[in-house]
Amino acid sequence: MNIPIITVSPKVSCSNCQACCCRLEVMIISDTGVPEKFIKRDQYGGETMNRLSDGWCAALDRDSLMCTIYENRPWICREFEMASDECIDERDKFL
């Protein structure tokens, strides 16, 4: 008798994630109070979140994988929903 193997994917939660969304380029398009040290400006005045040499957002605590400026995070970060299609796509790239 063949018993089908059912795989159960873990519930998507920021607490069990590897900060996949923190590897994305994040444009700053509204004033939410992001501290200057985390802002990168291009030659045309466009602003993005600064990323360190490892490719992750400079505001990410590398030990806890939590945002150090959560209350002042950019609008795009606020709109990036946990378990959304975009979230799942990013997780699949790194997990």
Side-chain angles (χ1 to χ4, degrees):
M1 172 189 229
N2 289 337
I3 299 174
I5 298 173
I6 300 172
T7 58
V8 179
S9 59
K11 182 179 179 200
V12 174
S13 167
C14 290
S15 65
N16 69 13
C17 189
Q18 295 296 313
C20 300
C21 59
C22 296
R23 295 179 178 131
L24 298 171
E25 182 173 50
V26 174
M27 295 178 63
I28 300 173
I29 56 176
S30 64
D31 183 15
T32 60
V34 174
E36 282 293 320
K37 68 181 182 179
F38 296 117
I39 298 174
K40 178 180 176 185
R41 289 184 177 79
D42 67 19
Q43 62 189 7
Y44 305 106
E47 298 178 335
T48 58
M49 287 297 292
N50 190 25
R51 291 189 288 174
L52 300 183
S53 61
D54 61 7
W56 283 358
C57 177
L60 178 70
D61 179 296
R62 300 313 194 267
D63 294 324
S64 68
L65 296 181
M66 301 296 287
C67 180
T68 62
I69 61 164
Y70 189 80
E71 293 300 318
N72 299 100
R73 69 196 185 281
W75 179 81
I76 291 175
C77 297
R78 294 167 190 257
E79 293 296 311
F80 194 91
E81 291 185 43
M82 180 180 66
S84 66
D85 289 341
E86 294 84 6
C87 172
I88 300 300
D89 288 345
E90 289 306 312
R91 287 173 61 99
D92 288 346
K93 291 177 188 176
F94 295 100
L95 299 179

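Here, residue 1 is the first one in the sequence, and each next residue gets the next number.
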- Are R23 and D54 within salt-bridge range, i.e. N to O under 4.0 Å? no
> If you count the non-hydrogen atoms of other residues, nucleotides and ligands that lie under 6.0 Å from CD in E79, is the total more than 12?
Replying inline: yes
When rounded to the nearest 0.5 Å, the distance separating SG of C20 from CD1 of I88 is 10.0 Å
What one should report as the nearest heavy-atom pair of F80 and C21 is CE2-CB, 3.5 Å
Heavy-atom nearest pair, M49 first then I28, reads SD-CD1, 3.9 Å
message = For R73, is there any backbone N or O sitting under 3.5 Å from a side-chain donor or acceptor partner on T32?
response = yes
When rounded to the nearest 0.5 Å, the distance separating SG of C77 from CG of N72 is 11.5 Å
_So L52 and R62, do their side chains get closer than 4.5 Å, heavy atoms only?_
yes
Nearest heavy-atom approach of A58 to F38 is O-CE2, 3.3 Å
**Asked** Is L24 linked to W75 within one hydrophobic cluster, defined over Ile, Leu, Val, Met, Phe, Trp and Tyr using a side-chain heavy-atom separation of less than 4.5 Å?
**Response** no
| Same cluster for I69 and M82 if Ile/Leu/Val/Met/Phe/Trp/Tyr side chains link at under 4.5 Å? | no
For D31, I'd like to know if atom CG has over 12 heavy atoms of other residues, nucleotides or ligands within 6.0 Å. no
d(C67 SG, D61 CG) to nearest 0.5 Å is 10.0 Å
In this structure, CD1 of I76 is separated from CD of E25 (nearest 0.5 Å) by 9.0 Å
d(E36 CD, I39 CD1) to nearest 0.5 Å is 4.5 Å
The reported gap from SG in C22 to CG in L65 (rounded to nearest 0.5 angstrom) is 8.0 Å
Practice task
Verify, without hydrogens or angle tests, whether T68 (side chain) and A59 (backbone) share a donor-acceptor contact under 3.5 angstrom.
Solution key: yes
Less than 4.0 Å between a side-chain N and a carboxylate O, is that true for E71 and R78? no
Residues A83 and C87: closest non-hydrogen pair is N-SG, 3.4 Å
